[in-house]
Amino acid sequence: MDIFLQQMVNGLTLGAVYAVVALGYTMVYGIIQLINFAHGEVVMIGAMVAFTVINLLAAGGLPPLAVVLVGTACAIPVCMLVSYTVERLAYRPLRRAPRLAPLITAIGASIILQHLAMLVWSRNVLAFPQIIPLKTFSFLGATVTGVQLAILGICAAIMCGLAGLVYRTRLGRSMRATAQNPQVAGLMGVDINRVIAATFVIGAGLAAVAGVMVGTYYGVAQYTMGSILGLKAFAAAVLGGIGNVPGAMVGGLLLGVVEALGAGYIGDITDLCRYGPLARAVGERCADGGHFVLFGSNYQDVFAFVVLILVLVFRPSGLLGERVGDRA
Amino acid sequence: MSLLEVKGLEVHYGGIRAVKGIDLRVEGGELVCLIGANGAGKSSTLKAICGLVSRSGSVSYAGMDTAGTPVHELPRKGLVMVPEGRGIFPQLTVAENLAMGAYARNDASINEDIGRQYDMFPRLKERRAQTAGTLSGGEQQMLAMGRALMARPKLLLLDEPSMGLAPMLVAKIFEIVRDIARQGVTILLVEQNAKLALEIASRGYVMESGAVTLADEARKLLAEPKVREAYLGEEAGA
Ligand SMILES: Nc1ncnc2c1ncn2[C@@H]1O[C@H](COP(=O)(O)OP(=O)(O)OP(=O)(O)O)[C@@H](O)[C@H]1O
Ligand SMILES: [Mg+2]
């Protein structure tokens, strides 16, 4: 039971980050039906910029919180600029092209960004300096770290803020209108290109914060970290129903939990020694409480993709998506 | 000076010439209708006026050539179009749809104007918190009109507002169009329902396969045998 609660806490923490990244995929998809494969790289750039700044400041004796905040504050505008530039140079010229063209361009943009990052930061892993004292809290037998609490709190605030922006402001209204009927939105006076650019920029801001959070959580950042994270967040967006803002939030949290519980239990479940006849077949390795585990917790990354495949096969519109036809 | 002056307008879709060099003008305060059969090029004409499809020829609005004016600048200048099929935002509420109509405005009386639309279309008021996609066809058409009026248009381009509506609603929609015109909004009305359109319009144009074949005062067009035969469903010589 303890491991269940512990994995729930871990899963929700990561899931909250997936959700914030998934929002960037889903908002862009909602408005121009493009899967922005470069989005994961924007997360990576956010982490790299923040880590660079944090490492520079770490020795300066500033309070750790201030160091992380300054790092994030530098990462956000850089990510916004990168994402705006990609939209302007790589996607906007293809607005009227067949859908496959911008999709392939997105994959190209992601490769370019990843390799630019490699040129800037090298292949080396950037480590998060030991500035945040490890604080832990006990919660019904599970351990929660201060960093986890901070991540959960920040993600909750981001999701509330974004929901407020999308559903309560003039910009949000024009974003939704553009997503539903860009031509008519234009006739009403909406500068569609500006709204699309704003969508990319907002998503990039979220990606920057997400990058700092994952980096801080794992303690490392590297130029390759964006691909798998991006794919997982994409899976989360699809799980919730791509194009759907609440869906991305639900999908992210759910994926994080599935992944953590999966990683927590897969070793036990695939331990052949638990199954009588199989244990006998395996023979002496099971003797004296030994184990013969087929899949260990290092298979954690598989769950996101299993979920992605299951959703695509059984419910392509996702959990909260409605329009099956044009999305599948 | 005409409020809208179209000269030699052409629209091509790939190899198809959908509009073949037409001339058209609408004076301030007029209600002008453009009638014609399916595929005559009426919608293409309206889209070309707004710059939604690429065009050649000249379109001047309020004395200014609109070539190069982006679509989203038009409502700021008072030119608003209600597209064929209404073009409501289905997942926005009725109130949000109306607010979108005022997107180009930033004065203080937007809420007052929303109230005015609710007075004109009480059904919309009852359904203001409902998403627009759940409205009936007639209600959606009223929403599309109300939303267009939220922009405080000088010139309103209406593309087949009566399309797909039951006869009673058609009559109601035409009444509304006439009321809007009486409030001083200039209207260019595209319709297949030639009789009703010509009855409320002051002038009319008849389009056939991309060209304007007749242009006259509405009551003269109503009396014109060719029009009666082709668009009012009467036998030749009846
Ligand atoms: N996007 C498009 N691509 C290719 N051809 C088009 C396009 N839009 C319209 N057309 C063609 O141009 C011609 C004129 O179409 P348009 O929609 O302007 O007619 P319309 O007079 O509005 O007809 P209706 O009364 O049926 O609405 C038609 O032959 C149509 O098939
Ligand atoms: Mg038409």
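Proteins come first, then strands; the chains are lettered A, B, ... in the order of their sequence lines, and each starts at number 1.
- With respect to A/Leu187, the side chain to side chain contact (heavy atoms under 4.5 Å, CB included) criterion is satisfied by exactly one of B/Leu52, B/Leu157, B/Val82: B/Leu52.
- A distance of 8.5 Å separates CG of A/Asn193 from NE2 of B/His72, quoted to the nearest 0.5 Å.
- Residues A/Arg176 and B/Glu96 are in side-chain contact: their nearest non-hydrogen atoms beyond the backbone lie under 4.5 Å apart.
- More than 12 heavy atoms of other residues, nucleotides or ligands lie within 6.0 Å of CZ in A/Arg95, so this atom counts as buried by the packing criterion.
- The closest donor-acceptor contact from the side chain of A/Arg170 to the backbone of B/Tyr103 lies under 3.5 Å.
- Interface residue B/Pro90: backbone and side-chain heavy atoms are both found under 4.5 Å from chain A.
- Between B/Pro83 and A/Val184, some side-chain heavy-atom pair lies under the 4.5 Å cut-off.
- At least one donor-acceptor pair closer than 3.5 Å links the side chain of A/Gln180 to the backbone N or O of B/Gln91.
- Ranked by heavy-atom pairs under 4.5 Å with chain A, the list B/Leu79, B/Leu92, B/Val80 is led by B/Leu92.
- Residues satisfying the salt bridge (Lys or Arg N to Asp or Glu O under 4.0 Å) test with B/Arg55, not counting sequence neighbours, are none.
- Taking 4.5 Å as the limit, some side-chain heavy atom of B/Met100 sits within range of a side-chain heavy atom of A/Val190.
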